Amino acid sequence: MQIAPIRTDADHEAALREIETLWGASEGTPDGDRLDVLATLADAYEDKRWPVAELDPVEAIEAAMAHDGHTRADLAALIGGKSRASEILRRRRALTLPMIRRISREWHVPERLLVREYALASDAR
């Protein structure tokens, strides 16, 4: 049984593909054991990469930026402009569904983290 640690999003995606092929394997079989180990590794990677309980959508974006070395300029290019990116990060504008889909697809941030409700900054001055 050749299993390696999951260290990158590419490793994670490969593990998920393998898990999908093994899904339904009987417990106690070589395939069942492989499924169990891969699922455990994938869960551990996801918990480390995307700590769900603590992050709102803006924090999830900031975590992805820090983890993968993305900049505000990268976010701006992804969602359509510097001011839009700045407004999102300053909580002055809510994410739209197209933004969520692009961020999820390009930066591999789970959509379930980005669609959560979060507070926007008030306009009180």
Side-chain angles (χ1 to χ4, degrees):
M1 177 187 289
Q2 180 87 15
I3 294 182
I6 298 174
R7 293 188 177 108
T8 66
D9 287 344
D11 294 343
H12 179 250
E13 288 179 27
L16 293 179
R17 284 192 301 276
E18 178 83 11
I19 288 168
E20 190 173 313
T21 65
L22 295 169
W23 199 255
S26 298
E27 265 186 59
T29 65
D31 282 349
D33 291 347
R34 184 173 183 79
L35 172 62
D36 188 33
V37 171
L38 285 172
T40 301
L41 290 171
D43 282 344
Y45 179 79
E46 290 168 5
D47 288 346
K48 182 178 177 186
R49 176 75 163 90
W50 302 292
V52 177
E54 302 169 25
L55 301 180
D56 70 19
V58 173
E59 292 167 335
I61 292 168
E62 292 169 338
M65 292 171 71
H67 184 272
D68 297 329
H70 297 299
T71 65
R72 283 180 178 247
D74 295 332
L75 180 61
L78 191 60
I79 65 171
K82 285 172 103 175
S83 64
R84 187 169 290 158
S86 180
E87 289 172 338
I88 295 294
L89 293 174
R90 290 185 6 236
R91 301 170 185 272
R92 297 270 183 211
R93 177 190 291 256
L95 289 164
T96 64
L97 191 53
M99 289 177 195
I100 289 168
R101 287 183 176 143
R102 269 182 252 137
I103 293 167
S104 179
R105 183 181 61 245
E106 299 296 324
W107 288 5
H108 308 287
V109 177
E111 287 181 1
R112 65 179 160 50
L113 293 179
L114 300 174
V115 298
R116 297 172 67 194
E117 289 188 34
Y118 63 103
L120 295 175
S122 67
D123 288 339
R125 294 180 181 166

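In this text the structure is predicted, and so the values were computed from the model without any measurement.
- Note: the hydrophobic cluster containing Leu41 also contains Trp23 (ILVMFWY, side chain heavy atoms under 4.5 Å, direct or indirect links).
- Between Arg116 and Pro57, the closest heavy-atom pair is O-CG, 3.2 Å.
- Between Gly32 and Ala25, the closest heavy-atom pair is N-CB, 3.6 Å.
- Looking at every heavy atom in both residues, Ala85 comes nearest to Arg72 through CB-O, 4.2 Å.
- Annotation: side chain of Glu106 is not in contact with side chain of His70 (no heavy-atom distance under 4.5 Å).
- Rounding to the nearest 0.5 Å places CG of Leu95 at 13.0 Å from CZ of Arg101.
- Of the inter-residue distances, the one linking Thr29 atom OG1 with Arg34 atom CZ reads 12.0 Å to the nearest 0.5 angstrom.
- A distance of 5.0 Å separates CD1 of Ile79 from CE of Met99, quoted to the nearest 0.5 Å.
- The backbone N or O of Thr71 lies less than 3.5 Å from a partner atom in the side chain of Asp74, making a donor-acceptor pair.
- Counting all heavy atoms, side chain and backbone alike, Leu114 lies closest to Ala60 at CD2-CB, 4.4 Å.
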Worksheet item: Would Leu75 and Ile103 satisfy side-chain contact (heavy atoms from CB on, under 4.5 Å), going step by step from the backbone distance to the final call?
Response: CA-CA 8 Å; Leu75 180 61; Ile103 293 167; 4.1 Å; yes

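- For the atom pair Asp9 CG and Tyr45 OH, the distance stands at 3.5 Å (nearest 0.5 Å).
- Here the CG-NE2 distance, from Leu16 to His12, works out to 4.0 Å after rounding to the nearest 0.5 Å.
- Considering all non-hydrogen atoms of both residues, Tyr118 and Ala94 come closest at OH-CA, 3.3 Å.
- Between the side chain of Ser104 and the main chain of Val109, a donor-acceptor pair closer than 3.5 Å is present.
- Considering CG of Asp33 and CG of Leu38, their distance stands at 11.0 Å, rounded to 0.5 Å.
- Between the side chain of Glu59 and the backbone N or O of Asp56 there is at least one donor-acceptor pair closer than 3.5 Å.
- Across all their heavy atoms, Leu89 and Glu62 have their closest contact at CD2-CG, 4.1 Å.
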Practice prompt. Mind running side-chain contact (heavy atoms from CB on, under 4.5 Å) on Arg49 and Asp68 for me, showing each step along the way?
Written response: CA-CA 10 Å; Arg49 176 75 163 90; Asp68 297 329; 2.7 Å; yes

